[in-house]
Amino acid sequence: MSMEGFHAVPDPSVGDWLPPRLSGAFGAVGRTVPRGYAAYARVLHPVNPEPATEPTTWAGVCARTGRTAHALMQWESITTPAPGTVGLPLSGEGRWDEVQVERGCLAPQALSPLLDVLAPFTADHDGQQACHHALWDGWGWLIGGNTLVVAFHDGPGPRPPAPMWTELPEVVQDALNAPRLSLPGREHLLFTGPLHAALSMGDQVTDDWFLPQSPNLLWPADRSWCLASEIDFGSTLVGGPAELIAAVLATPGLEAWPIGEDDDLSAFADHLNT
């Protein structure tokens, strides 16, 4: 069920520690995830290939396009083939468009192992690993309130049911009615729930159709680490103890790189692939 395990937070002051530790121009690591941690990692969002394309990674994309894989690479840069690269179908913008990444959301196949890494570094409170989960309030399924679901009929057989409206969960409605967590350029709904409840965040469109949405910010009560998925980034950032970041970087199935709080992740900052 969508949003299972969450409770809306009526007082956003639990996030008052964030703004003083966020600074820099847009794209700076320390503007997206709080400054002051011992180490940081950038977890690249999984590549979603077209059906005819073999599954790959960002590094695999670089191998095909003649680009350089590095910690600050940008999707637009690595999907634009280097001069002399042949054999790739290109879009009108000159990019290899058979591969895509989702911005602002870490897919469950990467979020799940990342949460497993975070778990040993998350203290128990009242028998559970309670965390704060913040969700950008501009996602379409929130802006529209109730969602209209239309089933299209194309082919033989009975027609599908008439269009229906799906209700937002009560916990989401409560969060929409509560004061927002305000950060530079972004307003967030705020929830509390177990660490792994992050996997149930999203839009339950129908009983068997769930659109996951990872938290845009996630941190434990003791603030010992913080995870951030900026809505315009194709990667998720984690700040925390050096031991935690080392574990993230070593986790199979995660394509992760070490970064610093002053590094630039803006779209045109990939100077190795310009």
Side-chain angles (χ1 to χ4, degrees), residues 5 15 17-18 21-22 28-48 55-62 69-75 101-135 191-201 212-230 233-265:
W17 68 283
L18 289 163
R21 290 176 59 175
L22 296 172
V29 170
R31 180 188 169 96
T32 301
V33 67
R35 294 174 179 269
Y37 286 113
Y40 295 83
R42 181 189 186 201
V43 179
L44 303 177
H45 292 179
V47 177
N48 300 317
T56 188
T57 61
W58 288 51
V61 170
C62 289
H70 65 106
L72 306 183
M73 60 183 155
Q74 292 298 310
W75 187 251
V101 293
E102 189 170 3
R103 299 182 185 278
C105 179
L106 183 61
Q109 67 262 36
L111 178 60
S112 182
L114 180 56
L115 295 175
D116 290 342
V117 174
L118 293 170
F121 296 86
T122 306
D124 284 341
H125 292 274
D126 297 326
Q128 65 175 349
Q129 293 176 307
C131 293
H132 297 294
H133 306 244
L135 180 67
F191 304 89
T192 187
L195 173 65
H196 282 81
L199 292 167
S200 72
M201 180 170 280
Q213 170 60 56
S214 64
N216 295 109
L217 285 161
L218 172 62
W219 70 91
D222 63 5
R223 309 171 191 170
S224 57
W225 54 262
C226 187
L227 174 153
S229 294
E230 157 60 36
F233 286 1
S235 56
T236 290
L237 312 183
V238 183
E243 297 83 0
L244 167 59
I245 300 307
V248 171
L249 298 174
T251 298
L254 294 181
E255 192 175 9
W257 293 78
I259 53 173
E261 59 186 23
D262 291 316
D263 284 337
D264 186 357
L265 295 175

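Each residue takes its place number in the sequence, starting with 1.
In this structure the side chain of Thr236 never reaches within 4.5 angstrom of the side chain of Glu230, judged on heavy atoms. No side-chain heavy atom of Pro212 sits under 4.5 Å from any side-chain heavy atom of Met201. The closest side-chain heavy-atom distance from Leu227 to Leu118 is below 4.5 Å. At least one side-chain heavy atom of Pro34 sits less than 4.5 Å from a side-chain heavy atom of Leu22. Residues Pro55 and Val47 have side chains not in contact (no heavy-atom distance under 4.5 Å, counting atoms from C-beta outward). Taking 4.5 Å as the limit, some side-chain heavy atom of Ile259 sits within range of a side-chain heavy atom of Leu72. Side-chain contact between Leu195 and Leu218: present, with at least one pair of heavy atoms (C-beta onward) separated by less than 4.5 Å.
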Would you be so kind as to tabulate the donor-acceptor pairs closer than 3.5 Å made by side chains of residues 245-256, with sequence neighbours excluded?
unit_1: Thr251; atom_1: OG1; unit_2: Ala247; atom_2: O; d: 2.6
unit_1: Glu255; atom_1: OE1; unit_2: Trp58; atom_2: N; d: 2.9
unit_1: Glu255; atom_1: OE2; unit_2: Trp58; atom_2: N; d: 3.2
unit_1: Glu255; atom_1: OE2; unit_2: Ala59; atom_2: N; d: 2.9

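In terms of heavy-atom proximity, Asp222 sits nearest to Ala123 at OD2-CB, 4.1 Å. Minimum interatomic distance between Cys62 and Met73 (heavy atoms only, all atoms of both residues): SG-SD, 3.9 Å. Among all heavy-atom pairs drawn from Ala242 and Ala39, the shortest one is CA-CB, 4.0 Å. In terms of heavy-atom proximity, Leu114 sits nearest to Val43 at CD2-CG2, 4.4 Å. Taking both residues in full, the closest heavy atoms of Pro220 and Cys131 are given as CA-SG, 3.9 Å, listed atom of the first, atom of the second, then distance.
Atom SG in Cys226 sits 6.0 Å away from atom CG in Leu18 (nearest 0.5 Å). Atom NE2 in His45 sits 7.0 Å away from atom SG in Cys105 (nearest 0.5 Å). With rounding to the nearest 0.5 angstrom, the OG atom of Ser229 is 8.0 Å from the CG atom of Leu111. One distance of note links CG of Leu115 with CG of Leu106; it measures 8.5 Å at 0.5 Å rounding.
With sequence neighbours left out, the salt bridge (charged side-chain N to carboxylate O under 4.0 Å, His left out) criterion links Arg223 to no other residue. Legend: residues meeting ring-ring contact (aromatic ring centres under 6.0 Å, His included) with His133, ordered by chain and number and at least two apart, are Phe6. Applying the ring-ring contact (aromatic ring centres under 6.0 Å, His included) test to His132 and every residue at least two apart in sequence or in another chain returns Trp219. Partners of Phe233 according to the ring-ring contact (aromatic ring centres under 6.0 Å, His included) rule, which considers only residues two or more places apart in sequence or in another chain, are Phe26.
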Side chain to side chain contact (heavy atoms under 4.5 Å, CB included) between Leu237 and Val29, intermediate numbers included: CA-CA 8 Å; Leu237 312 183; Val29 170; 4.1 Å; yes
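Annotation: side chain to side chain donor-acceptor pair (under 3.5 Å) contacts involving residues 32-43, sequence neighbours excluded, comprise Ser23-Arg35, Arg35-Asp262, Tyr40-Glu261, Arg42-Ser235.
Between the Ser112 side chain and the Gln109 main chain, no donor and acceptor come within less than 3.5 Å of each other.
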